[in-house]
Amino acid sequence: MSRRGKLLTFFLGLVVVCVVFVVARATVLKPTSTIKLAQIPAGEYDPAVWGKFYPLEYRSYQKNLEMSPSPTGYGGSQKVQHAIKEPEILINFKGMAFSKDYAEDRGHPYTVTDLRETKRVTPKSPGACMTCKTANLIDIYKDMGWSYAKTPLSDLFPKMKHPIVCANCHDPATMDLRVINPAFIEAMQGRGIDVKKASREEMRSYVCGQCHVEYYFEPETSRVIFPWDKGLHPEQIYAYYAEKPGGFVQDWLHPDSQAKMLKAQHPDFETWSNGIHGKAGVTCADCHMPYMREKGQKYTSHWVTSPMRHVEASCRPCHDQNPEWLFERVKTTQDNVWQLQHTAGMTVARAHEVIGKAGAQANVNRSGLEKARELVRKAQWYWDMVAAENSMGFHNPAQVLNILGQSIDLSHQAISTANRAAKTNF
Ligand code: HEC
Ligand code: HEC
Ligand code: HEC
Ligand code: HEC
């Protein structure tokens with residue numbers, strides 16, 4: 001072969017090697033494209049049956065049953081009452097169920113057990129409560145439409161055979177990611193997003209956004225609604241509620257301040273979406289369901305837990321700082337947020353107390369008192385949008401610290417407004 005011929009062969013060879021490498025990497029990076037599809041029927045929800053075909057995913061899913069504290073000291077999967085560390089909860093949620101029972105969340109396989117056991121749920125609770133707890137929602141919604149939401153929860157318990165399982169996130173025929181919660185699908189439609197057209201990357205967060213969000217039950221129907229029409233920021237959601245959607249005014253009336261209160265529910269998706277990772281397109285699954293390897297096989301971890309248990313797998317694909325440094329960053333953010341969250345919660349509690357005392361004065365100016373109540377409603381909303389969120393601020397440190405600062409300011413305004421209305425100095 002001539003020298004030119006040899007050179008040409010060499011370069012052609014190099015191109016072939018490169019192409020093979022790129023294709024191989026792409027397939028390895030996307031385990032879904034390499035798995036062998038099983039024939040799982042549409043009504044099969046038992047994860048053990050799915051597990052026969054997808055053993056690596058199933059074995060890691062089973063780890064959700066383990067209960068241990070989180071390495072950061074925040075979150076974790078043991079059923080610890082929040083009020084032990086945050087006694088302000090007992091005052092701020094006085095008059096409603098969260099002051100009776102507010103335990104740390106735990107793994108997905110426990111949802112139905114925990115729903116049965118929590119003191120927040122009574123036989124009178126609406127069926128809407130099971131929306132985010134079970135894959136059997138698929139059939140219940142198919143049979144009953146939204147009318148299930150008003151049906152007493154106790155009537156639906158026999159139909160809840162499984163907690164959150166494979167079928168909540170996967171189409172059994174294709175194993176593609178899917179969402180099943182009608183409230184999420186409708187709320188996204190309201191924002192002009194058709195989830196059926198979502199990309200694979202988007203689905204890696206949408207599957208979680210089905211449940212890890214703020215919501216309320218529509219009066220009369222108990223239908224589950226996500227309050228997203230004005231946007232996902234705490235201020236936009238507050239403005240949404242201010243318009244009394246569908247006649248929804250309040251979750252409960254605070255017995256001390258007589259303020260019309262809102263209860264925030266775990267807005268992980270909203271908080272993340274406004275943060276640096278959400279904006280950069282880093283998905284929930286990137287951190288909470290990272291890729292793992294076993295005997296050369298790459299798979300998605302289905303142990304949906306604190307990413308700080310496996311910083312290497314969760315963070316290091318994108319960050320080249322060492323794991324200790326990354327851990328320290330998370331912990332520093334959380335310690336800062338925790339301190340301000342506690343201060344904000346205590347200041348809200350004091351505002352309820354002062355408004356209560358001011359309201360008991362005979363000569364109190366009624367419209368001034370009403371202003372103070374509106375201020376404490378907003379102060380508590382801001383505090384709760386952080387306190388009820390699950391990452392102790394990590395999902396969006398800048399927004400969370402800003403919102404807590406505003407909460408503290410609003411509580412102080414509530415206190416001085418109430419004192420002015422009653423000419424007191426509590
Ligand atoms: C909370 C949602 C959720 C649940 C529940 C869930 N998965 Fe997944 N699963 C995912 C995500 C996210 C991926 C990554 C998909 C992607 O990137 O395309 C995935 C990927 C997979 C894949 C593709 C191969 C891989 O490892 O990436 C298989 C197979 C799979 N899951 C099986 C299961 C089985 C079996 C169960 C029940 C035991 C289950 N999944 C439960 C979210 C879930
Ligand atoms: C069908 C609703 C639903 C879906 C879908 C869902 N979650 Fe959850 N998740 C819950 C509920 C409810 C709990 C609390 C369970 C309990 O305490 O019994 C929970 C708990 C958790 C926990 C705490 C686990 C522990 O051990 O403390 C994490 C982390 C979590 N979810 C992350 C995710 C991520 C990430 C996704 C998407 C890949 C996701 N979840 C999808 C409803 C859901
Ligand atoms: C950039 C990485 C990252 C992304 C993206 C991310 N999280 Fe997290 N998440 C964390 C970290 C770090 C914590 C704090 C864990 C700890 O304190 O141990 C956390 C905590 C949580 C917890 C509480 C876990 C517990 O132990 O109780 C839940 C639930 C959760 N995230 C859900 C979500 C959801 C839902 C999304 C997407 C909307 C998401 N996360 C996106 C990193 C991430
Ligand atoms: C898929 C890629 C990806 C993953 C996974 C990821 N990050 Fe990031 N992270 C980013 C990007 C992109 C930014 C934006 C700044 C930049 O470009 O460096 C960022 C920023 C950060 C910042 C700076 C935040 C700020 O507010 O300025 C911290 C801290 C951080 N990440 C920690 C983590 C930790 C801890 C984990 C694992 C739990 C993690 N990240 C996982 C891509 C990722």
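The analysis underlying the following values was restricted to heavy atoms, covering all of them including side chains, and did not include hydrogens, waters or symmetry mates. Ligands are counted one by one from 1 in listed order, and the atoms in each one are counted from 1 as well.
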- Item | Aromatic ring proximity, centroids under 6.0 angstrom, Y102 and F98 | yes
- Would you mind listing which atoms of ligand 2 come within a distance below 4.0 Å of any non-hydrogen atom of Q210? 5 (C)
- Note on the structure: Residues at least two apart in sequence or cross-chain that pass ring-ring contact (aromatic ring centres under 6.0 Å, His included) with H277, listed by chain then number, are F394
- Message: Can a side-chain donor-acceptor contact be found between H266 and E214 if the only test is distance below 3.5 angstrom?
- Response: no
- Note on the structure: Count of protein N, O or S atoms below 2.8 Å from atom 8 (Fe) of ligand 4 equals 2
- Task: Check each atom of ligand 3 against the heavy atoms of M308 and keep those under 4.0 Å away; list them by number with element.
- Result: 12 (C)
- Message: Run the side chain to side chain donor-acceptor pair (under 3.5 Å) test on E270 and N274 for me, step by step, so that the C-alpha distance in whole Å, both residues' side-chain angles and the decisive distance to 0.1 Å come before the verdict.
- Response: CA-CA 7 Å; E270 294 90 332; N274 283 319; over 6 Å; no
- Note on the structure: So the atoms of ligand 2 within less than 4.0 Å of a heavy atom of M289 turn out to be 38 (C)
- More than 12 foreign heavy atoms under 6.0 Å from CE of M346: is that the case here? no
- Query: Run the side-chain contact (heavy atoms from CB on, under 4.5 Å) check on F426 and R350 step by step: do they pass?
  - Reply: CA-CA 10 Å; F426 294 125; R350 200 158 82 75; over 6 Å; no
- Task: Can you pull out the closest protein heavy atom to atom 26 (O) of ligand 2? Residue, atom name and distance to 0.1 Å, please.
- Result: S77 CB, 2.8 Å
- Ignoring hydrogens, just give me the one of G393, S70, S314, G281 whose non-hydrogen atom is nearest atom 18 (O) of ligand 3. S70
- For residues T283 and D286, is any side-chain donor paired with an opposing acceptor at under 3.5 Å? yes
- Message: Quiz question: by atom type and distance under 3.5 Å, do the side chains of E328 and T332 form a donor-acceptor pair?
- Response: yes
- Task: Can you confirm whether something in the protein, heavy atoms only, sits under 4.0 Å from atom 7 (N) of ligand 4?
- Result: yes
- Query: Are any of the N/O atoms in T283 less than 3.5 Å from those in ligand 3?
  - Reply: no
- Query: For the rings on W303 and Y58, is their centre-to-centre separation under 6.0 Å?
  - Reply: no
- Item | Numbered atoms and elements of ligand 3 in range of E104, under 4.0 angstrom, heavy atoms | 27 (O)
- Any N/O pair R106/ligand 2 closer than 3.5 Å: yes
- Counting heavy atoms only, which of E389, R204, Q334 is nearest atom 14 (C) of ligand 3? Q334
- Message: Check the orientation of H212 and H108. Use parallel for under 30°, tilted for 30 to 60°, and perpendicular for over 60°.
- Response: tilted
- Verify the distance criterion only: is there a donor paired with an acceptor across the side chains of R106 and T111 at less than 3.5 Å? no
- Would you say A285 contacts ligand 2, with heavy atoms under 4.0 Å as the rule? no
- Message: With heavy-atom distances below 4.0 Å as the criterion, list the atoms of ligand 2 near N168.
- Response: 1 (C)
- Message: We want to know whether Y45 and T134 form a side-chain donor-acceptor pair, criterion being a heavy-atom distance below 3.5 angstrom.
- Response: no
- Tell me, which protein residue and heavy-atom name are nearest atom 29 (C) of ligand 4, and how many Å apart are they? R329 CB, 4.1 Å
- Message: Return the closest protein heavy atom for atom 35 (C) of ligand 4 as residue, atom name and distance.
- Response: V330 CG2, 3.4 Å
- Task: Look at atom 25 (C) of ligand 3 and say which protein heavy atom is nearest, naming residue and atom and giving the distance to 0.1 Å.
- Result: G76 N, 3.6 Å
- Message: Check whether S60 reaches the backbone of L56 with its side chain - one donor and one acceptor, N or O, closer than 3.5 Å.
- Response: yes
- Per-atom filter on ligand 3: closer than 4.0 angstrom to a heavy atom of T72 are 16 (C), 17 (O), 18 (O)
- Query: When you check the space around atom 8 (Fe) of ligand 3, which protein N, O or S atoms turn up under 2.8 Å?
  - Reply: H288 NE2, H395 NE2
- Message: Looking at every heavy atom in both L177 and H170, which two are closest together, and how far apart are they?
- Response: CD2-CE1, 3.6 Å
- Given a cut-off of 2.8 Å, the protein N, O or S atoms lying below it from atom 8 (Fe) of ligand 2 are H108 NE2, H212 NE2
- Query: Any chance the rings of W228 and F269 have centres within less than 6.0 Å?
  - Reply: yes
- Message: Is it the case that the ring center of Y61 lies less than 6.0 angstrom away from the ring center of W50?
- Response: no
- Item | D101 versus Q81, side-chain donor and acceptor atoms under 3.5 Å | yes
- Test item: protein heavy atom less than 4.0 Å from atom 23 (C) of ligand 4: no
- Please check if the distance between the ring centroids of Y206 and F184 is under 6.0 Å. yes
- Query: Short list, please: which atoms of ligand 3 are under 4.0 Å from a heavy atom of F269?
  - Reply: 38 (C)
- Item | Atoms in ligand 2 flagged as close to D114, the criterion being non-hydrogen separation under 4.0 Å | 16 (C), 17 (O), 18 (O)
- Message: Are W325 and F327 an aromatic pair, judged by ring center distance below 6.0 Å?
- Response: no
- Looking only at protein heavy atoms, identify the closest one to atom 15 (C) of ligand 3 and say how far it is in Å. S306 OG, 3.3 Å
- Task: Check ligand 2 against V207 and write out every atom of the ligand that is under 4.0 Å from a heavy-atom position of the residue.
- Result: 5 (C)
